Amino acid sequence: MFHHLFKGSLAFLFVFSLAILSGAGKNETIPSSVYTIAVYVPGVLDGSPTYEQMDRGVRKAAESLNIPVTTVEAGFNQGEWKDRLAALASEGAYSLIVTSNPALSSLCREVKESFPAQQFLVLDGENKADDSQAVFAYNHREQAFLAGFLAAQSALSDLKNLSGEFKLGLIAGQTYPDMEKSIIPGYEMGMKSVDPRFTLDFRVVGNWYDAAKGTELAESMYRNGVDVILPIAGGANQGVITAAKKMGKYIVWFDSPGTEAAPGVILGSAVLKQEMAAEEMVLGLMKGNMEQGDIKEGNIQNGYVLLDQTEEAYLKYVPEEVQEKVSFLMEQFLNGRYSLDEGV
Ligand code: RBF
């Protein structure tokens, strides 16, 4: 009986002191009462890999310091984006607003004029120095080069149902400067580095959600002899998967590892470490190691852009000689023996 009581009170003491310790730690080091973060999603989270990664990364950073995060989806009407961003800033409730995509750099700049105290972090933003925001910018040219290289090598491999017509596709949600200046040229450079006879069939959905339109475009491209399509169209990507499955054709994925959604159909993924970038940038800003006006660039050499060679379906379905060529190319980039001339 006594023994029992003794054990019980020891356990109680132990738990009690843990509570004090962790409580004290929180109060001393974490300004949770003053720092708050809003994640502003220009679109919706579901189906948009860069936005999903942003939200996860911000939440990881915030959780580690016990800071509250509010996620706001601004929806697909781009005409409303600026007002919704300004409304968020006008609340004055958030120390930091985090967002993602190159169009948001100029919107944050404009909103900052009315709310100069508001701090912004734009992930996947414009690679331009500017005191209105902190930026993480990716080398999309390199990312698209990797996608084009994998697509072309696959189209020349012993995969089944290939047309042999040297045609590859890209389906975008919409056109925008980064698409035209970096992604399309990078994708073309990647495919032509494999064989200059490859040509690009480029189509535009017109929004970031219409999966039926994605299917329609992809079917017509596959019918015309396209063997592999790179979809960069948010929720509409699902429609491209439907078409590829139905017609026994192929896809290369962008931004996040995506092969699991259709193993053997989605061959591999040219990914961005956006979750890592989000976490690091938020921690840097909260701890004062970074400030408004700072820019970081992610590329192949510093590990933020890569062809994911660890995905199960990639290892299983992509022919071995293609995997070897991808692995060699990645090594060349990483040790600086291969680079593309222009930056982001
Ligand atoms: N990518 C998505 O996955 N979903 C979107 O809703 C989306 N909307 C975008 C809107 C604009 C105005 C721009 C410029 C880009 C958008 N992107 C979207 C593309 C995304 O930011 C990025 O460029 C690509 O994912 C390639 O990394």
Side-chain angles (χ1 to χ4, degrees), residues 39-57 71-82 84-85 98-110 121-128 135-148 170-187 190 202 204-211 213-214 229-241 251-258 261 269-278 297-300 304-308 344:
V39 175
Y40 175 92
V41 180
V44 301
L45 279 182
D46 193 31
S48 296
T50 54
Y51 301 163
E52 289 173 323
Q53 286 198 57
M54 160 173 68
D55 197 52
R56 280 202 300 272
T71 301
V72 178
E73 292 183 312
F76 291 115
N77 185 347
Q78 294 178 12
E80 292 176 358
W81 284 0
K82 189 182 159 191
R84 299 203 60 171
L85 188 63
V98 186
T99 187
S100 174
N101 105 33
L104 266 292
S105 277
S106 65
L107 292 187
C108 290
R109 202 171 296 133
E110 288 170 37
L121 166 60
V122 184
L123 302 165
D124 191 12
E126 275 175 13
N127 196 357
K128 230 195 267 176
V135 173
F136 195 99
Y138 296 99
N139 191 322
H140 285 293
R141 185 183 295 262
E142 289 185 353
Q143 182 192 12
F145 184 95
L146 295 174
L170 198 171
I171 299 180
Q174 71 184 91
T175 52
Y176 49 99
D178 206 36
M179 175 61 64
E180 282 166 352
K181 291 191 192 132
S182 301
I183 298 180
I184 292 174
Y187 190 55
F202 175 69
V204 178
V205 175
N207 60 60
W208 297 88
Y209 54 82
D210 189 349
K213 183 82 189 281
I229 294 175
L230 169 62
I232 307 178
N237 292 355
Q238 294 306 315
V240 182
I241 299 179
I251 288 172
V252 168
W253 205 249
F254 220 53
D255 296 334
S256 287
S269 315
V271 305
L272 303 175
K273 291 283 181 190
Q274 162 106 324
E275 184 176 336
M276 185 166 91
E297 193 199 300
N299 53 37
I300 298 178
Y304 288 90
V305 175
L306 64 146
L307 200 301
D308 191 330
V344 177

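What you see is a predicted model, and the numbers here were worked out from it, not measured in a lab. Read the numbers this way: they start at 1 and go in the same order the structure lists the ligands and their atoms.
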J.: Using a 4.0 Å heavy-atom threshold (strictly under), name the region of Y209 that reaches ligand 1: side chain, backbone, both or neither.
T.: neither

J.: Which of these, D255, V41, V305, has its nearest heavy atom closest to atom 24 (C) of ligand 1?
T.: D255

J.: Under 4.0 Å between a side-chain nitrogen and a carboxylate oxygen: does that hold for R84 and E73?
T.: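 Salt bridge absent between R84 and E73.
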
J.: Side chains of Q274 and Y51: is there a donor and an acceptor less than 3.5 Å apart?
T.: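 Checked: Q274/Y51 side chains show no N/O donor-acceptor pair below 3.5 Å.
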
J.: Return the closest protein heavy atom for atom 23 (O) of ligand 1 as residue, atom name and distance.
T.: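 Among all protein heavy atoms, the one nearest atom 23 (O) of ligand 1 is Y176 OH, 2.8 Å.
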
J.: Measure the shortest side-chain to side-chain distance between R141 and P185 over non-hydrogen atoms and say whether it is less than 4.5 angstrom.
T.: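 They are in contact (side-chain heavy atoms under 4.5 Å apart), so the answer is yes.
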
J.: Please identify which atoms of ligand 1 are closer than 4.0 Å to at least one heavy atom of F254.
T.: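 So the answer, numbered in order with elements, is 26 (C).
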
J.: I'd like to check which ligand 1 atoms, numbered from 1 as shown, lie under 4.0 Å from a non-hydrogen atom of N101.
T.: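 Close to N101: 9 (C), 10 (C), 11 (C), 13 (C), 14 (C), 15 (C), 16 (C), 21 (O).
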
J.: Within the distance-only criterion (no hydrogens, no angle test), does the side chain of Q53 pair as donor or acceptor with the backbone N or O of L272 below 3.5 angstrom?
T.: yes

J.: Could you tell me if the side chain of Q143 sits less than 4.5 Å from the side chain of V271, heavy atoms only?
T.: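 Contact flag for V271/Q143 side chains = no.
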
J.: Determine whether the side chain, the backbone, both or neither of D178 has a heavy atom under 4.0 Å from any heavy atom of ligand 1.
T.: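 No part of D178 comes within reach of ligand 1.
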
J.: Do I251 and V240 have side chains that approach each other closer than 4.5 Å (heavy atoms only, starting at C-beta)?
T.: yes

J.: Checking Y304 against N139 for the side-chain hydrogen bond (donor to acceptor under 3.5 Å, both in side chains) test, could you report, in this order, the C-alpha distance in whole Å, the side-chain angles of both residues, the deciding distance, and whether it holds?
T.: CA-CA 9 Å; Y304 288 90; N139 191 322; over 6 Å; no

J.: Can you sort out which atoms of ligand 1 are near P49, meaning under 4.0 Å from one of its heavy atoms?
T.: 3 (O)

J.: Is it the side chain (CB and beyond), the backbone, both or neither of M179 that lies under 4.0 Å from ligand 1, heavy atoms counted?
T.: neither

J.: Please state which protein non-hydrogen atom is closest to atom 8 (N) of ligand 1 and give its distance, to 0.1 Å?
T.: Y51 OH, 3.2 Å

J.: Does some side-chain heavy atom of I232 sit less than 4.5 Å from a side-chain heavy atom of I183?
T.: yes

J.: What protein heavy atom lies closest to atom 17 (N) of ligand 1? Include the residue and the distance to one decimal.
T.: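 That would be W208 CH2, 3.3 Å.
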
J.: Judging by distance only, is a nitrogen or oxygen of Q174 under 3.5 angstrom from one on ligand 1?
T.: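 Such a contact does not occur with ligand 1.
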
J.: Heavy atoms only: which of S48, G47, A236 is nearest to atom 2 (C) of ligand 1?
T.: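 The option holding the nearest heavy atom is S48.
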
J.: Counting from 1, what ligand 1 atoms have a heavy atom of W81 closer than 4.0 Å?
T.: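 Numbered from 1, ligand 1 contributes 10 (C), 12 (C).
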
J.: With a 4.5 Å heavy-atom cut-off, do W253 and N237 have their side chains touching?
T.: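 The answer is yes, as the side chains (C-beta and beyond) meet within the 4.5 Å cut-off.
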
J.: Show which atoms of ligand 1 fall inside a sub-4.0 Å distance from at least one heavy-atom site of D124.
T.: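 Reading through ligand 1 atom by atom, the close ones are 20 (C), 21 (O), 22 (C), 23 (O).
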
